[in-house]
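As structure tokens, the structure follows; a few thoughts come after it.
Residues: numbered from 1 along the sequence shown.
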Amino acid sequence: MVCIALTGATGDVGYEACRQLALVPEVTKLVITSRSKEQAEAVVTQLIQDTGKDAKFFQYVVINFRDLNSIMAAVSAFPKIDRLCLNAGGFGRCTMHPVSGVTDAMVDNVLGHTVLSDNLVKFGKIGPGGRIVYVGSEVSRVIWSFRGLLPVYWRFGEKDIEWSMTSNYNGDC
């Protein structure tokens with residue numbers, strides 16, 4: 001009897017993870033997140049069709065990881081869960097998030113997930129023995145950035161970490 005939540009269920013990887021998790025006998029409920037109600041409902045409809053599960057098996061929570069109010073509303077809407085898979089994210093739009101001062105990719109892939117998971121634990125939505133699995137990556141910037149050593153990921157120092165979070169090094173976006 002396990003309730004699993006997965007962020008980013010509307011993308012290809014997230015959808016496939018949800019489809020496979022829904023077929024695991026121990027999983028009794030699957031909570032997905034999406035930026036919009038319409039996207040979430042479309043994914044749930046497709047999951048019902050692809051898995052044969054009843055609509056009550058699925059629940060969705062709308063969340064925008066760039067908006068603190070949206071994250072906190074999502075925390076309130078979450079049921080108690082046993083597992084949280086942090087999958088949402090992407091390349092970002094090569095812009096700076098004005099509230100946090102870091103790149104939008106950092107907010108989408110790291111900061112938003114941190115705020116969500118910290119508050120789910122704080123408000124008892126993930127209890128003792130619960131698990132959080134992080135599969136996103138802030139380094140999911142446009143592929144050309146990985147040529148050579150841009151940025152240099154070895155010998156990271158404090159200044160390098162600060163630079164990677166607050167600099168848009170994908171100049172041609």
Looking at Gly130, is its backbone amide N or carbonyl O close enough to the side chain of Asp82 to form a donor-acceptor pair, meaning the two atoms are under 3.5 Å apart?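 Side chain of Asp82 to backbone of Gly130: no pair is present.
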For [X] and [Y], which heavy atoms make the closest approach, and how far apart are they?
X	Y	answer
Asn109	Tyr134	O-OH, 2.7 Å
Val61	Ala77	CG1-CB, 4.1 Å
Thr51	Ala22	CG2-CB, 3.8 Å
Val2	Arg83	CG1-CG, 3.9 Å

How long is the gap from CG on Leu120 to NZ on Lys80, to the nearest 0.5 Å?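 These two atoms lie 11.5 Å from each other.
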Distance in Å, Cys18 SG paired with Leu23 CG, rounded so as to fall on 0.5 Å steps: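 Result: 11.0 Å between the selected atoms.
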Would you say [X] and [Y] are hydrophobically clustered, going by side-chain heavy atoms of ILVMFWY under 4.5 Å?
X	Y	answer
Leu6	Val110	no
Leu21	Val13	no
Val133	Ile4	no
Val62	Ile81	no
Val24	Leu47	yes

Going by the rule side chain to side chain contact (heavy atoms under 4.5 Å, CB included), which residues pair with Val121 if we only count those two or more places apart in sequence or in a different chain? Ile126, Ile132
Among residues at least two apart in sequence or on other chains, which ones pass side chain to side chain contact (heavy atoms under 4.5 Å, CB included) with Ser70?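 Side chain to side chain contact (heavy atoms under 4.5 Å, CB included) check on Ser70 returns Ile63, Asn64, Asp67.
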Any salt bridge (Lys or Arg N to Asp or Glu O under 4.0 Å) pairs touching residues 18-28, not counting sequence neighbours?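 The answer is Glu16-Arg19.
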So which pairs with a foot in residues 44-63 pass salt bridge (Lys or Arg N to Asp or Glu O under 4.0 Å), sequence neighbours left out?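 Checked against salt bridge (Lys or Arg N to Asp or Glu O under 4.0 Å) - neighbours excluded - no pair reaches residues 44-63.
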Taking only distance into account, with no hydrogens and no angle test, what donor-acceptor pairs under 3.5 Å do side-chain atoms of residues 30-38 form with protein atoms, sequence neighbours excluded?
unit_1	atom_1	unit_2	atom_2	d
Thr33	OG1	Gly8	N	3.2
Ser34	OG	Ser36	N	3.3
Ser34	OG	Ser36	O	3.1
Ser34	OG	Gln39	OE1	3.2
Ser36	OG	Gln39	N	3.0

What side chain to side chain donor-acceptor pair (under 3.5 Å) pairs are there with at least one residue in residues 114-132, not counting sequence neighbours? none
Tell me the ring-ring contact (aromatic ring centres under 6.0 Å, His included) pairs involving residues 46-69, sequence neighbours left out? Phe65-His113
